[in-house]
Amino acid sequence: MKLQQILNEIYQELNPDFGQGKVANYIPALANINPNKFGMAVHSISGEKAFVGDVNENFSIQSISKVFTLALAMMECHEKVWERVGREPSGNRFNSLVQLENENGIPRNPLINAGAHVVTDLLSSKYENPKYEILQFIRKLAEKEEIFFDNDVAKSERETGNRNLAMGYFMKSFGNIHNQVRVVLDTYFHQCAIAMSCTDLAKAFLFLANDGIIPYSGEQIIEKLDSDRINALMLTCGMYDSVGDFAYRVGLPSKSGVGGGIVSIVPGELAICVWSPGLSENGNSYVGTKALELFVRKTGKGIF
Ligand code: GLU
């Protein structure tokens with residue numbers, strides 16, 4: 001069956017579920033998103049594309065940005081990344097501080113908030129203007145110049161981001177944030193506040209389905225080994241503390257964000273982005289998870 005036909009079926013089957021879940025409201029600028037939105041886009045490395053729903057509407061990529069910054073940090077800092085952050089699932093909420101006390105300010109992995117702060121700190125030491133470099137990297141992957149920060153979302157997060165700031169200062173007390181906490185966190189809030197659509201994200205993530213090579217331009221953006229490793233981290237750490245349940249139901253390396261987006265990789269074949277703003281208890285898009293589960297069942301494209 002064609003990918004487009006499968007997406008059409010998923011759209012029909014999930015229609016009664018649209019609007020389910022709870023929109024993230026701890027970031028005030030995200031609270032007013034229409035929960036009934038739904039989009040799903042698939043890009044294959046051979047050029048096949050399929051879309052359904054609100055696929056061209058921008059949303060806040062939030063934690064999906066953590067994969068982009070990790071890729072950049074692995075390119076720039078190589079093994080040094082792993083002196084400052086671990087590679088184990090946390091089993092705790094994405095914004096939890098509890099393990100940091102016992103583990104000397106070394107976050108469990110780069111895809112939870114604390115780990116992403118450390119990655120952004122590494123980039124802040126490398127670049128004069130890390131915000132710009134992160135944005136340019138994403139524009140290159142998506143082959144699109146018109147990708148921007150949503151400054152209202154960034155401001156809203158900065159004004160309410162006390163937990164993130166606490167985490168940053170706590171890690172700084174262990175020596176694991178090297179730059180000024182407020183400056184690092186400002187970059188972090190901005191990377192989370194990048195606005196992209198399902199089609200942009202599916203395209204931008206194709207390099208992780210293609211051994212680190214952007215299929216459109218042929219450019220090797222990261223080494224194959226690093227691409228494999230990022231996929232491994234997405235599979236084991238990318239879906240908050242329900243990563244086990246997600247692997248059971250979907251079985252694809254994935255990363256979610258509290259904006260309601262989820263990006264999944266079918267290695268060697270596809271990148272998928274689904275967006276539905278209502279979240280389940282664990283912070284993952286409720287309908288988005290169901291859509292990916294259906295996709296894998298209908299196509300047999302899980303990695304197991
Ligand atoms: N900017 C969000 C925060 O730091 C990201 C959370 C997420 O998407 O998981 O709380």
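Counting starts at 1 for both ligands and their atoms, following the listed order. Just the heavy atoms: all of them, side chains too, but no hydrogens, waters or symmetry mates, feed the values below.
- Contact residues for ligand 1 (protein heavy atom closer than 4.0 angstrom to any ligand atom): Y26, Q62, S63, F94, N113, E157, N164, Y188, C192, Y240, G257, V258.
- Taking the six-membered ring for Trp and the full ring otherwise, the centers of F18 and Y11 sit less than 6.0 Å from each other.
- For the side-chain contact (heavy atoms from CB on, under 4.5 Å) test, residues two or more places apart in sequence or in another chain that qualify with T187 are T120, P130, K131, I134.
- Cluster partners of V258, using a side-chain heavy-atom cutoff of under 4.5 Å among ILVMFWY residues and allowing indirect links, are Y26, I27, L30, F94, V153, Y240, L279.
- In this structure, H178 and R84 have side chains that are in contact, with non-hydrogen atoms separated by less than 4.5 Å.
- Counting only N and O atoms by type, the side chains of N179 and D121 include a donor and acceptor under 3.5 Å apart.
- Qualifying side chain to side chain donor-acceptor pair (under 3.5 Å) partners for Y216, counting only residues two or more places apart in sequence or in other chains: H43.
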